[in-house]
Amino acid sequence: DFTIPFIWTELTQSTASCQDSDTIRCVVIDNAGFIVVHPDFVDGSTAAKLGVENVHISQREPALASSLVAEGIMTKNRCNDLQKKRVNVFWKVNLPSGSGNVIGSVVYDIYQVSNTNAYLIVATRWDGSSNCPCDFLKSLGSRDCRTSGNACECPCRETLSYNQCHGVDSVNDPSLPVCPPEVPSVPLAPQKSDATTDLGPCLSIDCDSQSEKR
């Protein structure tokens with residue numbers, strides 16, 4: 001796997017404007033809006049404090065996220081999680097033209113990275129006002145949704161009314177797709193102790209102590 005500093009170096013070398021971190025904010029997100037690379041991730045102490053896994057753009061860059069939603073680039077989606085009895089609310093990023101320029105309270109260009117599901121955002125103004133609520137203290141999948149419609153917020157969950165006896169037709173909205181099952185976690189097998197660790201030598205060979213040669 002590539003390290004974040006390596007990816008950041010490659011990004012700044014291939015995109016000259018990203019080298020000016022004082023006036024330019026470069027962020028790479030995937031097609032669900034989760035951040036792949038962010039300037040804060042490169043600083044080890046900041047990354048350790050804020051975390052780098054499962055960080056959504058609505059959490060770290062709410063003004064940019066609000067603009068992506070307003071421009072229809074990032075849209076809210078839902079699916080029925082029958083296993084955990086909840087509705088998962090998530091985001092999808094789609095840029096039909098391959099790139100776009102957005103000017104408003106925030107100013108940025110967004111490009112799709114060829115042959116990947118990633119998007120590069122190059123922002124020249126990113127601190128605009130936003131209404132993108134997110135409960136930072138709760139982990140992904142445990143945040144309760146606060147808004148309705150396509151309003152900006154972190155990925156979250158809604159209550160699912162589901163009767164197992166009546167099947168999928170009993171859920172709040174049967175037209176929603178069923179969420180794909182989660183990848184099961186496979187625990188690592190414990191390492192076996194070396195049975196020979198505490199054993200002495202099979203033969204005690206001490207030629208100097210022998211009185212004769214054979």
Side-chain angles (χ1 to χ4, degrees), residues 4 7 25-41 50-123 126-160 171-173 175-183:
I4 290 177
I7 298 175
R25 173 65 58 88
C26 290
V27 182
V28 178
I29 61 174
D30 66 11
N31 60 351
F34 287 97
I35 298 177
V36 179
V37 180
H38 188 282
D40 291 345
F41 292 0
L50 300 177
V52 298
E53 295 184 357
N54 295 325
V55 179
H56 199 262
I57 189 171
S58 57
Q59 176 180 346
R60 188 60 56 86
E61 299 288 350
L64 284 174
S66 295
S67 178
L68 290 173
V69 173
E71 295 295 327
I73 297 173
M74 191 166 71
T75 57
K76 186 179 288 186
N77 290 258
R78 292 173 170 82
C79 66
N80 290 323
D81 188 339
L82 303 183
Q83 183 178 7
K84 294 186 176 180
K85 295 185 178 180
R86 68 189 188 191
V87 178
N88 290 336
V89 178
F90 58 98
W91 294 92
K92 282 188 177 181
V93 179
N94 184 32
L95 190 63
S97 61
S99 65
N101 174 260
V102 179
I103 299 176
S105 59
V106 292
V107 180
Y108 59 92
D109 291 303
I110 180 170
Y111 311 91
Q112 184 169 9
V113 182
S114 300
N115 301 317
T116 72
N117 68 335
Y119 296 83
L120 169 62
I121 299 174
V122 182
W126 58 89
D127 291 330
S129 61
S130 67
N131 182 20
C132 198
C134 180
D135 191 339
F136 298 97
L137 300 179
K138 291 189 176 181
S139 61
L140 182 68
S142 64
R143 302 185 184 105
D144 293 326
C145 297
R146 302 182 183 181
T147 64
S148 59
N150 200 46
C152 183
E153 65 179 319
C154 284
C156 54
R157 65 182 184 182
E158 298 172 345
T159 302
L160 173 66
V171 300
N172 310 35
D173 187 352
S175 66
L176 294 179
V178 176
C179 301
E182 294 183 355
V183 178

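Position 1 is the first residue of the sequence, and the numbers go up from there. Just so you know, these numbers use all the heavy atoms, side chains as well, and skip hydrogens, waters and symmetry mates.
- A salt bridge links E158 to R78: at least one charged side-chain nitrogen sits closer than 4.0 Å to a carboxylate oxygen.
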Worked verdict on L120 versus I110 for side chain to side chain contact (heavy atoms under 4.5 Å, CB included)
CA-CA 6 Å; L120 169 62; I110 180 170; over 6 Å; no
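- Remark: SG of C154 is not found under 2.5 Å from SG of C132.
- Inter-residue side-chain proximity for I57 and M74 is flagged as met; some heavy-atom pair is nearer than 4.5 Å.
- Looking at heavy atoms from C-beta onward, I121 lies in side-chain contact with I29 at the 4.5 angstrom threshold.
- Between V178 and D81 the shortest side-chain heavy-atom distance does not fall below 4.5 Å.
- Side-chain contact between V55 and F34: absent, with no pair of heavy atoms (C-beta onward) separated by less than 4.5 Å.
- Under the 4.5 Å side-chain criterion, counting only non-hydrogen atoms from C-beta, V28 is not in contact with I35.
- Looking at heavy atoms from C-beta onward, V87 lies out of side-chain contact with T159 at the 4.5 angstrom threshold.
- With sequence neighbours left out, the side chain to side chain contact (heavy atoms under 4.5 Å, CB included) criterion links A151 to T147.
- Within the structure, the salt bridge (charged side-chain N to carboxylate O under 4.0 Å, His left out) test picks out no pair touching residues 29-39 (sequence neighbours left out).
- Proximity of K92 to K76: side-chain heavy atoms (C-beta onward) are nowhere separated by under 4.5 Å.
- Using the six-membered ring where Trp is involved, H56 and W91 have ring planes that are tilted, between 30° and 60° apart.
- Judged by distance alone, the side chain of T116 and the main-chain N or O of V113 form a donor-acceptor pair under 3.5 Å.
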